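For clarity, every value in this text was computed on a predicted model and none was experimentally measured. What's counted below: heavy atoms across the whole structure, side chains too, no hydrogens, waters or symmetry copies.
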Amino acid sequence: MSQIAINTSQNVNINFNTASAGDRILAFFIDLAIKVAYVIVTLYICFEFLGLGLIMNGLDQWSQMAIYIAITFPIHIYTLILESLMEGQTPGKKVMKIRVVKIDGYQASFGDYLIRWIFRLIDILMMSGIIGLVSMIVSKNNQRLGDIASGTAVISLKNNINISHTILENINDDYIPTFPQVIALSDNDMRIIKDNFTKALRVDDRQVIRKLSDKIKSILKLDIDPAKMTERQFIGVVIKDYNYYTGKDN
């Protein structure tokens with residue numbers, strides 16, 4: 001399973017595992033099963049309870065075809081609508097814990113999902129999906145043609161999550177906060193701060209720690225005396241203070 005570095009709007013790279021071809025295929029068949037179930041149930045209701053068969057007997061072939069298209073229309077826009085509403089997921093993708101994301105770090109738009117949906121005609125429907133499968137195998141980020149055209153990729157969410165991977169921080173009941181200004185930060189800001197701080201501590205990257213500290217001070221408009229609090233201590237206190245003020249503790 002390869003990794004992809006997505007540059008966030010805060011200009012920070014975060015590594016994700018790309019979804020495997022197997023996970024994407026299984027997600028496709030789960031969604032396909034839902035579509036088939038919809039068609040079976042809908043046709044049964046229309047013909048058995050609403051008498052659609054009697055109505056269609058008096059119609060010409062084109063009118064009958066139009067009715068069938070209208071009934072099955074939801075399955076054709078299934079992926080487009082659900083990915084747009086579920087932020088890059090369909091029920092199949094949700095079950096397989098994978099998601100469509102923009103490589104540049106911004107939120108994928110309806111236009112991006114539309115491009116992916118249009119390219120399904122080539123990637124999936126033509127040659128029984130061989131084109132899309134080959135594209136995923138040979139492309140750098142396991143992208144099918146629709147992903148390449150829309151600047152998206154499908155990532156795996158199957159990471160082992162523990163407290164070190166979240167914005168949560170263990171704090172004591174008698175903890176006294178230092179910087180109330182931290183409430184100006186968002187959950188996403190704090191997640192990025194903690195993730196990069198943890199990585200920098202792991203490899204003793206002092207340059208990243210200094211830049212991270214300077215950025216936080218700039219955002220919160222803080223002037224800290226280095227003699228009283230080191231950069232590492234400062235970032236650690238900011239993380240704990242944020243958890244304290246937002247109630248995100250264990």
Any donor-acceptor pair under 3.5 Å from [X] side chain to [Y] backbone:
| X | Y | result |
| --- | --- | --- |
| S84 | L80 | yes |
| S218 | D214 | no |
| D31 | G92 | yes |

Regarding D204 and R232, does a basic nitrogen lie under 4.0 Å from an acidic carboxylate oxygen?
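A salt bridge links D204 with R232.
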
Would you call R116 and D147 a salt bridge, taking side-chain N to carboxylate O under 4.0 Å as the test?
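Counted as a salt bridge, because a side-chain N and a carboxylate O are separated by less than 4.0 Å.
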
Report the residues that fulfil salt bridge (Lys or Arg N to Asp or Glu O under 4.0 Å) with D123, sequence neighbours left out, ordered by chain and then residue number.
R144

Return the set of residues passing salt bridge (Lys or Arg N to Asp or Glu O under 4.0 Å) with R99 (not counting sequence neighbours), or none when no residue passes.
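Residues passing salt bridge (Lys or Arg N to Asp or Glu O under 4.0 Å) with R99: none at all.
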
Partners meeting side-chain hydrogen bond (donor to acceptor under 3.5 Å, both in side chains) with D241 (sequence neighbours left out)
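Listed in chain order: Y175.
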
With N57, which residues qualify under side-chain hydrogen bond (donor to acceptor under 3.5 Å, both in side chains), at least two apart?
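Testing N57 for side-chain hydrogen bond (donor to acceptor under 3.5 Å, both in side chains), a comparison that skips the adjacent residues, returns none.
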
For residues 129-138, please give each side-chain donor-acceptor pair under 3.5 Å, one per line with the distance, not counting sequence neighbours.
from : atom 1 : to   : atom 2 : distance (Å)
S135 : OG     : Q143 : O      : 2.8
S135 : OG     : L145 : N      : 3.4

For residues 35-43, which side-chain N or O atoms pair as donor and acceptor with protein atoms under 3.5 Å away, sequence neighbours left out?
from : atom 1 : to  : atom 2 : distance (Å)
Y38  : OH     : I71 : O      : 2.9
T42  : OG1    : Y38 : O      : 2.7

Minimum-distance pair of heavy atoms, taken over all atoms of A153 and N141:
CB-O, 4.5 Å

Donor-acceptor side-chain pairing of T152 and D112 below 3.5 angstrom
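Side-chain D/A pair, T152 to D112: absent.
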
Given F179, which partner from the list Y242, F234, Y245 fulfils the ring-ring contact (aromatic ring centres under 6.0 Å, His included) test?
F234

